[in-house]
Amino acid sequence: MPKNNNKKIEQRTLKELSTPNVNQQPLCIEFPNIDVTFKSKSSLIYLLPTFHGFIGEDPHKHLKEFHVVCSTMKP
């Protein structure tokens, strides 16, 4: 028989439980604090992988490929 710890259980709706708490979750995009002028060359844009959000596409794989391509485009 489970022990009752006399803890008050907060009653929340399913919608409230499924809503993420934005204040506690860090953003996945971090902007660096640097003063460097960036120039994108249109001849290199075709090398970037495309992501359409289709059912069979893996967003994590796309981000890995994107990172690999971008890391090879050093000035």
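Since this is a predicted model, take the numbers as computed values, not measurements.
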Which side-chain N or O atoms in residues 58-68 pair as donor and acceptor under 3.5 Å with protein atoms at least two apart or in another chain?
| from | atom 1 | to | atom 2 | distance (Å) |
| --- | --- | --- | --- | --- |
| Asp58 | OD1 | His60 | N | 3.2 |

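A pairwise comparison of heavy atoms in Glu57 and His52 identifies OE1-N, 3.0 Å as the closest pair.
With sequence neighbours excluded, the residues that form a side-chain contact (heavy atoms from CB on, under 4.5 Å) with Gln11 are Ile9.
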